[in-house]
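In what follows, a single structure is set out as structure tokens and then discussed.
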There are 2 protein chains.
Amino acid sequence: MSLRYALLAILRVGPLSGYDLQKQFHQSVGHVWHAPDSQIYPELRKMEQLGLIEGEEQTRGERGTRRMYHVTEAGDRAFVEWMDAPLDYQRVRDPAHLRAAYLEATTPDSARAFLQRHIAQWESELSQWEGELDRIDAVANPMLVRRLAVTADADRERTIAYKRFAYEGLVERAQAEIAWARRGLALVDRLDA
Amino acid sequence: MSLRYALLAILRVGPLSGYDLQKQFHQSVGHVWHAPDSQIYPELRKMEQLGLIEGEEQTRGERGTRRMYHVTEAGDRAFVEWMDAPLDYQRVRDPAHLRAAYLEATTPDSARAFLQRHIAQWESELSQWEGELDRIDAVANPMLVRRLAVTADADRERTIAYKRFAYEGLVERAQAEIAWARRGLALVDRLDA
DNA sequence: CACGTCATGTAACCTGTTACATGATTCC
DNA sequence: GGAATCATGTAACAGGTTACATGACGTG
């Protein structure tokens, strides 16, 4: 459900083709809400049917075409309504913590391998998000630049501050996962001794 | 996919009827991996077809029946294999952080409401998990008691320690989410001033 | 003329969500 | 006799995953 609003958030900045949108998506919101291309294109079609966005076919070269999308008034309204509505929180479903609860069922080495992979996984996410934080600070993220270009000066600080706030939360989450898994490694060692 | 192993984890302790399993589930693993009954019963049937568990129909009263399940050797093997295999991490998809990144699009009050709901949400999870931690320490969780009853003394410490470790991770996550949202409230106030 | 990248998907499948459905048994 | 709880699901749908598919354009 949120994919729709992630796409609207990007399109609200200005018209984009599906392809460009997808590119921008993977470089910005995609770090918070992943979606493959095979989901993005159909979703855009659905949003068009619902009147949230409008697409115009453009020619490109001899026979090529591409579809430029822009947000309609209804789409803009839908986005703001979503912002104001309560989120529906998904129930917890965390495979790593599930497995952690039963580590006594396997060997210490296997437990260690699991925890090391957990650390590697979150370190990889962490570096993505820290990179985004750096790009926010340097105002080097192309989406953010586009956004700031159409944002009144008075709102620029807010725009940047909330992006930063969001990524800070993700960075802290990753750091917490890593710290937890490291403690797990120490625990395995202690119990193995 | 993990639902299967969450169910196996419970059944490995000893045979249970679908109904009892479901009860135990909601009181234990369900805090880490939620699933509704409408998913549990069919999954048990599927697992039976795959030979991971076996069910026997028992009569109950005059006409009533219930199905007692126990783990097969293949099921036991499958569980350990899952423990040793790399987890497949889902891509990030976090509606709260997605929304946080665009809070400038709405009013300060709406932003505050969002953050306050976020805090309430995680405080509710937090109290669940802290409760579980207490029950682990008091050895008062019925599933844990059943498990310890069939666990060799040498493994009891490990069994308890890993449960604790898992729930500690969840508790820390909840605390981090709450702290983050509180900082968000402060940020809204600052930007609103 | 080959390769990268522009451009857009379809199809099958799995998992999970929501709402609904039904009857038996036990305990007060 | 009525309520709680035992006991087990089905059906429809939404959302996400994986694999595959296709062709045009631009550049060296």
Side-chain angles (χ1 to χ4, degrees), chain A residues 1-7 11 15-27 29-30 32-50 53 55-69 82 87-95 98 142, chain B residues 1-7 11 15-27 29-30 32-50 53 55-69 82 87-95 98 142:
Chain A
M1 244 302 110
S2 299
L3 173 58
R4 175 164 304 170
Y5 302 99
L7 295 175
L11 271 181
L16 282 175
S17 69
Y19 182 77
D20 286 335
L21 187 150
Q22 169 256 108
K23 285 257 151 182
Q24 304 265 12
F25 182 89
H26 294 306
Q27 283 171 33
V29 212
V32 184
W33 191 274
H34 170 81
D37 303 351
S38 65
Q39 210 185 345
I40 292 174
Y41 287 110
E43 181 62 27
L44 287 171
R45 289 288 179 170
K46 245 185 272 171
M47 289 163 71
E48 192 175 7
Q49 272 169 33
L50 293 170
I53 59 178
E56 298 164 71
E57 206 74 17
Q58 286 189 345
T59 59
R60 173 171 165 272
E62 281 300 287
R63 270 182 301 273
T65 63
R66 63 177 190 167
R67 204 163 176 78
M68 291 294 289
Y69 288 103
W82 174 74
L87 269 192
D88 56 324
Y89 286 87
Q90 296 307 113
R91 305 299 298 265
V92 186
R93 207 171 285 108
D94 188 325
L98 169 60
Chain B
M1 245 302 111
S2 299
L3 173 58
R4 174 163 305 169
Y5 301 100
L7 296 175
L11 271 181
L16 281 174
S17 70
Y19 182 77
D20 286 335
L21 188 150
Q22 168 259 108
K23 285 257 152 183
Q24 304 263 12
F25 182 89
H26 293 306
Q27 284 171 31
V29 211
V32 184
W33 191 274
H34 170 80
D37 303 352
S38 66
Q39 210 186 344
I40 292 175
Y41 286 110
E43 181 64 26
L44 287 172
R45 290 287 181 169
K46 245 184 272 171
M47 288 162 70
E48 193 175 5
Q49 273 170 31
L50 294 171
I53 59 177
E56 298 165 71
E57 206 75 15
Q58 286 188 346
T59 60
R60 172 169 166 275
E62 280 300 289
R63 270 183 301 273
T65 62
R66 62 177 188 167
R67 203 163 176 78
M68 290 294 287
Y69 289 104
W82 175 74
L87 269 191
D88 57 324
Y89 287 86
Q90 295 307 111
R91 306 299 298 265
V92 186
R93 207 170 286 108
D94 188 324
L98 170 61

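In what follows, chains are A, B, ... by sequence order, proteins preceding strands, each numbered from 1.
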Please confirm whether the backbone N or O of His34(B) pairs with a side-chain atom of Arg93(A), one donor and one acceptor, at under 3.5 Å?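 Flag set: sc Arg93(A) to bb His34(B) pair under 3.5 Å.
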
So Arg67(A), base contact, sugar-phosphate only, or nothing? Heavy-atom distance under 4.0 Å.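 The answer is sugar-phosphate, as Arg67(A) gets under 4.0 Å only of primed atoms, P, OP1 or OP2.
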
Mind checking Arg91(A) for me? I need base, sugar-phosphate or nothing, with any heavy atom below 4.0 Å counting as a touch.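 Touches nothing.
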
Classify the angle between the aromatic ring planes of Tyr5(B) and Trp82(B) as parallel (below 30°), tilted (30 to 60°) or perpendicular (above 60°).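 Judged by the thresholds at 30° and 60°, the geometry between Tyr5(B) and Trp82(B) is parallel.
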
[X] [atom1] - [N] [atom2] separation (whole Å):
| X | N | atom1 | atom2 | value |
| --- | --- | --- | --- | --- |
| Gln90(B) | dT17(D) | CD | C1' | 9 Å |
| Tyr41(A) | dT18(D) | OH | P | 19 Å |
| Tyr69(B) | dA7(D) | OH | C1' | 11 Å |
| Asp37(A) | dG16(D) | CG | P | 15 Å |
| Leu21(B) | dA7(D) | CG | P | 12 Å |
| Glu43(A) | dG16(D) | CD | C1' | 11 Å |
| Gln22(B) | dC6(D) | CD | C1' | 10 Å |

Check whether any side-chain heavy atom of [X] sits under 4.5 Å from a side-chain heavy atom of [Y], and report yes or no.
| X | Y | value |
| --- | --- | --- |
| Gln22(B) | Leu16(B) | no |
| Tyr69(B) | Ser17(B) | no |
| Gln58(B) | Thr65(B) | no |

Salt bridge (charged side-chain N to carboxylate O under 4.0 Å, His left out) partners for Arg67(B), two or more places apart: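 So Arg67(B) forms a salt bridge (charged side-chain N to carboxylate O under 4.0 Å, His left out) with Glu48(B), Glu57(B).
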
Mind checking what makes salt bridge (charged side-chain N to carboxylate O under 4.0 Å, His left out) contact with Asp20(A), not counting sequence neighbours?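 Asp20(A): salt bridge (charged side-chain N to carboxylate O under 4.0 Å, His left out) contacts with Arg66(A).
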
Using heavy atoms to find the nearest nucleotide of DNA chain D for Gln39(B) and Ala35(A) separately, return the residue whose nucleotide is more 5′.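 Result: Gln39(B).
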
Taking the nucleotide of DNA chain D with the nearest heavy atom to each, does Ser2(A) or Gly18(B) sit closer to the 5' end?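 Taking each residue's closest nucleotide, the earlier one in sequence belongs to Gly18(B).
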
Polar atoms only, N or O, under 3.5 Å: list the protein pairs with nucleotides 2-5 of chain D and their distances.
from, atom 1, to, atom 2, distance (Å)
dT5(D), O3', Tyr19(B), OH, 3.2

Nucleotide interval of DNA chain C bounded by contacts with chain B (heavy-atom cut-off, under 4.0 Å):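 Going 5' to 3' along DNA chain C, contacts run dT15(C) to dT25(C).
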
Partner residues of Lys23(A) under the side-chain contact (heavy atoms from CB on, under 4.5 Å) criterion, sequence neighbours left out: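 Lys23(A): side-chain contact (heavy atoms from CB on, under 4.5 Å) contacts with Tyr19(A).
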
Got a sec, which residues hit side-chain contact (heavy atoms from CB on, under 4.5 Å) with Pro15(B), two or more places apart in sequence or on another chain?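 Residues passing side-chain contact (heavy atoms from CB on, under 4.5 Å) with Pro15(B): Met68(B), His70(B).
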
